[in-house]
Amino acid sequence: MLTIVATIFVFGIIVFIHEFGHFITAKASGMRVDEFAIGFGPALVKVQKGETLYSIRAIPLGGYNKIAGMDPEEPLDDRSFLNKPVWKRFIVIAAGAVFNFLLAIVIFFIVYATYGVQTPSKEPIVGNMMSNSPAAMAHMEVNDRIISINGKPVATWTDISKQLQGTANTVVPVVINRNGQEQELSVIPTQAGNEGRAIIGINPVSLVQEFSIGESAVQALHTTGYVLVSMVDGLWSMITGTTNAELAGPIGVAQMAGQMAENGFMYLLQFTALLSLNLGVINLLPIPALDGGHLIVLLIEGITRRRLPVKALQYIQMTGVIILVLLFVYATTHDISRL
C-alpha cells in the first residue's frame, strides 16, 4: 500500500507541474485550452470550468493539455495554437520541462530549509535498512554497530563493502554490538548490479548540517544544476556507448518510490525532485512526439518561415511514437526481469 501511495504522490506531483507549465503559458499566450488532464484513459473526475474541462483519469502515468488548433486539420481561429507566433508556441512547448526544473528547485529548497543536508557518518552504525533486505531478514536493527564481517574487523563504514566482497548468496557471520552486548547474526548478502557487488541493504547514520533560508536557496540552485549536468553527461555516455544504458520503467520507478517512502518523507521528496529533473531532461530530447521533437520542428519553422507539410509531421510523429513504445516495452521488460 505504501508503494502505491508513494507512486501516486510522485507521479501526481511531477505530471501536474509539467502539464500546468504547458497550461498556464498557453493561457497567457491567448490560446484556448479545451482540456487539462492528469492521467490517461477513462475519466474518474471531470469538472467544467469556463472553456476548459479539468479531469483526473484512471492511469496516472502522464497527462495532457488539449490546446485548440494543435492539429493543422482542425478549424483554426485567432486563439488556435498554430495561429500564434513561433516564439509563443516555443514557450508553451518548453514550459513543461522548465516547470519540472523549477519544481526540483522548490523541493530541494524545502528539504534544505526543513531538514538541512544529511551526510553519511563514517561510523559502521546502521542508520536504516530496506524492508526484506538481507540485514532485516537476519534481524539486524537500527543503531547496531557492526564489529566484524566473516571474521574480518570493521572499523569504518567503507570497511563493510570491502569485507562483503565476494560473499553474495552465501551465509556470512556478522558480529554486531547492540546496547553494549555483542551478538553474531547470519546474513546472506545479495548481488547488486552486473558487477557482482554484495550488499545487505543497510545505510549509515546521517549527520545533519542546517542551512538558513538564503543558504537553502543557493544550495537548491547548486544541487539542481549539478544534477542536470550529471544527467546530461550520463545520457551522452549512454548514447556514445561508453556506459551501459540503465532504464527504469513505471514498475522500477514505483519500486524506488516505495523504498524511498520507507526511508522517510524527506527521501521521497528528494526522489521526486530527481525524477522531475529526469522527466524534464528526457522531454527535451530531440525525439518526435516528445517536447524536444516539437521544439526542433518549431525552430525549423522559425528559420525557414514555413511550416512542415502535414504528411511530414504525421510521419515524424509516428516515428516518435514507435520509438517511445519500444523504449517503454524495453524498460518494462527490464523492470519485470529484476522482480
Side-chain angles (χ1 to χ4, degrees), residues 1-27 31-71 73-74 81 92-93 95-97 99-100 103 247-258 260-261 268 271-272 275-276 278-285 287-294 313-314 316-339:
M1 178 59 72
L2 181 62
T3 297
I4 295 173
V5 172
T7 302
I8 293 174
F9 172 82
V10 171
F11 277 114
I13 290 179
I14 292 174
V15 170
F16 173 79
I17 292 298
H18 181 90
E19 296 303 332
F20 182 74
H22 293 310
F23 172 82
I24 198 67
T25 51
K27 287 282 192 179
M31 300 176 190
R32 190 179 80 248
V33 182
D34 294 329
E35 184 175 0
F36 175 84
I38 301 300
F40 298 110
L44 302 178
V45 179
K46 294 192 295 184
V47 176
Q48 183 76 40
K49 189 173 181 181
E51 63 188 12
T52 304
L53 175 68
Y54 300 88
S55 65
I56 298 176
R57 297 181 176 269
I59 305 172
L61 297 179
Y64 62 89
N65 281 278
K66 188 178 180 182
I67 302 175
M70 290 197 78
D71 185 350
E73 296 185 344
E74 69 178 87
F81 178 83
V92 171
I93 297 300
F99 270 56
N100 280 130
L103 172 63
L247 296 178
I251 297 174
V253 172
Q255 286 180 318
M256 288 185 280
M260 294 301 106
L268 185 63
F271 177 71
T272 303
L275 200 61
S276 185
N278 191 284
L279 176 63
V281 170
I282 295 298
N283 258 281
L284 290 179
L285 291 177
I287 297 176
L290 291 180
D291 292 343
H294 287 296
L313 288 173
Q314 289 176 344
I316 290 171
Q317 290 293 96
M318 184 60 66
T319 301
V321 170
I322 292 172
I323 292 172
L324 292 179
V325 169
L326 291 175
L327 286 173
F328 178 83
V329 171
Y330 172 79
T332 303
T333 304
H334 194 55
D335 288 343
I336 294 173
S337 70
R338 289 184 295 188
L339 292 177

Drop me the distance from [X]'s [atom1] to [Y]'s [atom2], to the nearest 0.5 angstrom.
X: Leu279; Y: Ile17; atom1: CG; atom2: CD1; answer: 11.5 Å
X: Gln48; Y: Tyr54; atom1: CD; atom2: OH; answer: 9.0 Å
X: Asp291; Y: Ile282; atom1: CG; atom2: CD1; answer: 12.0 Å
X: Phe81; Y: Glu74; atom1: CZ; atom2: CD; answer: 11.0 Å
X: Lys66; Y: Arg32; atom1: NZ; atom2: CZ; answer: 9.0 Å
X: Asn283; Y: Asn278; atom1: CG; atom2: CG; answer: 10.0 Å

Sequence neighbours excluded, the answer for side chain to side chain contact (heavy atoms under 4.5 Å, CB included) partners of Ile56 is Val45

Applying side chain to side chain contact (heavy atoms under 4.5 Å, CB included) to Met260 and not counting sequence neighbours gives Asn263, Tyr267, Leu268, Phe271

Side chains of His22 and Phe99 in contact at under 4.5 Å (non-hydrogen atoms): no

Which atoms form the tightest heavy-atom contact between [X] and [Y], and what is the distance?
X: Ile93; Y: His294; value: CG2-CB, 3.8 Å
X: Val33; Y: Ala26; value: CG2-CB, 3.9 Å
X: Phe16; Y: Ile38; value: CA-CD1, 3.6 Å
X: Thr25; Y: Val92; value: OG1-CA, 3.5 Å
X: Leu284; Y: Ala97; value: CG-CB, 3.6 Å
X: Ala95; Y: Gly21; value: CB-O, 3.3 Å

Checking Val10, Val5, Thr3 against Thr7 for side chain to side chain contact (heavy atoms under 4.5 Å, CB included), the one that qualifies is Thr3

* Please state whether the rings of Phe36 and Phe20 are parallel, tilted or perpendicular, taking 30° and 60° as the class boundaries. => perpendicular

Residues 16-27 vs salt bridge (charged side-chain N to carboxylate O under 4.0 Å, His left out), sequence neighbours excluded, gives Lys27-Glu51

